[in-house]
Amino acid sequence: MTNVKLLMRASETGVKTKFVTREQQLAEQDQSAQPYLRLEDPLCRYFLSAGTTELEFRSVEILFPFVREASVLQIPRHLKLLNDWMYQAFFSGYDLGIQHPELQSEVLPDHELRHSLQRLQILRGFAGCPSASGAALERAFSCVIEQQQGTIRPDRQDENFAVMALKSLRAGYAAATVRFLDPESEDFYEVIPPDVRLQFSNQLWQHCLIAPAEAVGVNLYERLEHPLVRLTPRISSKRPTECALFQNFLREQLGAFGVTSENEVRASDLDLIEWITHAINYGKRVRREQPKLLEQIFREAEGKERQDFINAMRTVLSGLDAVQPLTLLPAFKRWQRDFFEIGEPGFYGEELLRVALFVHFAIWIPWSEWRPSRVRSRARRKCRGLRNERQLELPLEISRTERESVNRNILYRN
């Protein structure tokens, strides 16, 4: 059913890491796609069952990464969220079409091409405006759901989400590639810019949205890497050196924490303090031992975006008596709540995102006052470096007193 040739050994992928998930191990040992298919999740099972012929399965296989990522992240599937799923799926298909129009005959085989064009006409009619926009399409999907209320059964929720996601993915792909076959659709679905496509997407939905396009040409072993590692491009997408460094740290720590599966992560308050501690020490090590690498990171992050992040970092740290893991954790939580409007995690994906954001922030703390050698004298650099070392002195291990304090806080909260 699935092309097992996509499976490759770890040494062939170019991924240099001692940490691998149980799913990667099983896929490599058994030369099986079962860990990737996630058939234990009814959502994935219903989605894949739509490929009843070899031609149709190829179409489903190309679009499957969107659903798989949503399954791994455990994004909620309540009927009131079906509109969100359809919207994100549409733009996931659209993004795939923009990046890989050459897949059109595989994504939209025979009758699916005709059906997808019909869906574009329906959405255009419900949108009620001359051109596609995020708000217009969100309104159109709401109308589709309302029209089909009689066929959406609450007791078959996973099937509902699988079917609607597949139809929306194909419609989005058609809007990007074959809209010219219908003159009215061609005008309505003219090139939709990225800022419109991502208008209602948080970082987790963005991760799902671009998954089909990113999976093209990628073997299953790499697709089975831990989702925490694969989430990092949503935070450092335009900074490849920083992203690679960030991913290496995450692999190192996932292994140290004893994580074995893509379905688990250490994210309790005590775990977060350990993540923060090791991340800051990792940042200090890079600053001390690899200044050239840090210069490359700063070149990639040049400009307003980097300065805005450093200013936000200074704001977060300014109210602290000491830069210590115990005081940083509540400060990071406030920052996440105020800046990203995310409170305590409600599902697995939000736990992953919290770890990724906190680790990224913590690694940058030792770099916030660092400057490339070309912009300051050697004496000034040495003086400022010594001052920063004193300010950022952190224990390599969490003390027993700190552990007891965190445990007490957890007990009181629960």
Side-chain angles (χ1 to χ4, degrees), residues 43 46-48 50-51 55-67 69-70 81-148 151-152 159-194 196-201 205 208-213:
L43 175 74
Y46 280 122
F47 189 89
L48 292 169
L55 196 60
E56 287 179 336
F57 186 79
R58 176 56 183 156
S59 169
V60 169
E61 185 181 35
I62 294 172
L63 300 170
F64 180 60
F66 171 84
V67 168
E69 293 300 339
L81 300 176
L82 183 56
N83 189 345
D84 292 345
W85 277 72
M86 295 173 67
Y87 178 92
Q88 305 296 342
F90 178 90
F91 279 118
S92 180
Y94 190 93
D95 186 67
L96 177 66
I98 292 294
Q99 297 193 48
H100 295 284
E102 75 281 2
L103 298 175
Q104 184 247 308
S105 61
E106 296 178 271
V107 176
L108 301 175
D110 302 333
H111 61 284
E112 287 302 336
L113 173 60
R114 183 175 68 258
H115 290 166
S116 295
L117 287 172
Q118 290 172 350
R119 292 183 192 115
L120 291 183
Q121 293 173 353
I122 292 171
L123 290 173
R124 188 184 72 240
F126 281 138
C129 59
S131 61
S133 67
L137 288 170
E138 187 179 42
R139 182 168 57 251
F141 284 120
S142 294
C143 292
V144 170
I145 294 171
E146 185 177 349
Q147 188 184 59
Q148 298 191 14
T151 62
I152 297 176
E159 184 177 2
N160 294 331
F161 276 78
V163 170
M164 291 299 200
L166 180 56
K167 290 179 178 179
S168 300
L169 283 159
R170 284 173 168 160
Y173 190 90
T177 56
V178 296
R179 62 183 184 273
F180 60 86
L181 295 177
D182 176 4
E184 292 184 9
S185 290
E186 182 175 17
D187 293 337
F188 182 77
Y189 296 103
E190 61 183 353
V191 179
I192 305 173
V196 173
R197 302 204 296 266
L198 300 177
Q199 184 177 357
F200 299 107
S201 302
W205 270 128
C208 299
L209 191 152
I210 66 172

Atom CD in E138, atom CE in M86: separation rounded to 0.5 Å?
11.5 Å
Hey, could you give me the OG1/NE2 distance between T177 and H100, rounded to the nearest 0.5 Å?
13.0 Å
Using the six-membered ring wherever Trp is involved, compare the ring planes of F47 and F64 and label them parallel, tilted or perpendicular (cut-offs 30° and 60°).
tilted
Nearest 0.5 Å please: distance from the CZ atom of R170 over to the OG atom of S59.
3.5 Å
Measure the spacing between CD of Q148 and CG of N160 and express it to the nearest 0.5 Å.
10.0 Å
Between F90 and L120, is there a side-chain heavy-atom distance shorter than 4.5 Å?
yes
Return a table of donor-acceptor pairs under 3.5 angstrom between the side chains of residues 103-111 and protein atoms on other chains or two or more places apart.
| from | atom 1 | to | atom 2 | distance (Å) |
| --- | --- | --- | --- | --- |
| E106 | OE2 | R58 | NE | 2.8 |
| H111 | NE2 | E56 | OE2 | 3.3 |

Got a sec, which residues hit ring-ring contact (aromatic ring centres under 6.0 Å, His included) with Y173, two or more places apart in sequence or on another chain?
none
I'd like to check F91 versus L137 (side-chain heavy atoms, cut-off strictly below 4.5 Å). Are they in contact?
yes
Which residues share a side chain to side chain contact (heavy atoms under 4.5 Å, CB included) with C143, sequence neighbours left out:
F126
Side-chain donor/acceptor of S92 to backbone N/O of Q88, under 3.5 Å:
no
D95 and Q99: CA distance, side-chain angles, deciding distance, side-chain hydrogen bond (donor to acceptor under 3.5 Å, both in side chains) verdict:
CA-CA 6 Å; D95 186 67; Q99 297 193 48; 3.0 Å; yes
If the condition is ring-ring contact (aromatic ring centres under 6.0 Å, His included), which residues does F161 pass it with, not counting sequence neighbours?
W85
Approximate separation, where rounding is to 0.5 Å, of L82 CG and S142 OG
9.5 Å
Using the side chain to side chain contact (heavy atoms under 4.5 Å, CB included) rule, take F141 and D84 through it: C-alpha gap first, then chi angles, then the decisive distance, then the call.
CA-CA 9 Å; F141 284 120; D84 292 345; over 6 Å; no
Using every non-hydrogen atom in the two residues, find where A89 and A165 come nearest and quote the distance to one decimal.
CB-O, 3.7 Å
Using the ring-ring contact (aromatic ring centres under 6.0 Å, His included) criterion, which residues pair with Y46? Sequence neighbours excluded.
none
Taking only residues two or more places apart in sequence, or in another chain, which ones meet A176 in a side chain to side chain contact (heavy atoms under 4.5 Å, CB included)?
Y94, I98
L96 CG to I62 CD1 distance, which is reported to the nearest 0.5 Å
7.0 Å
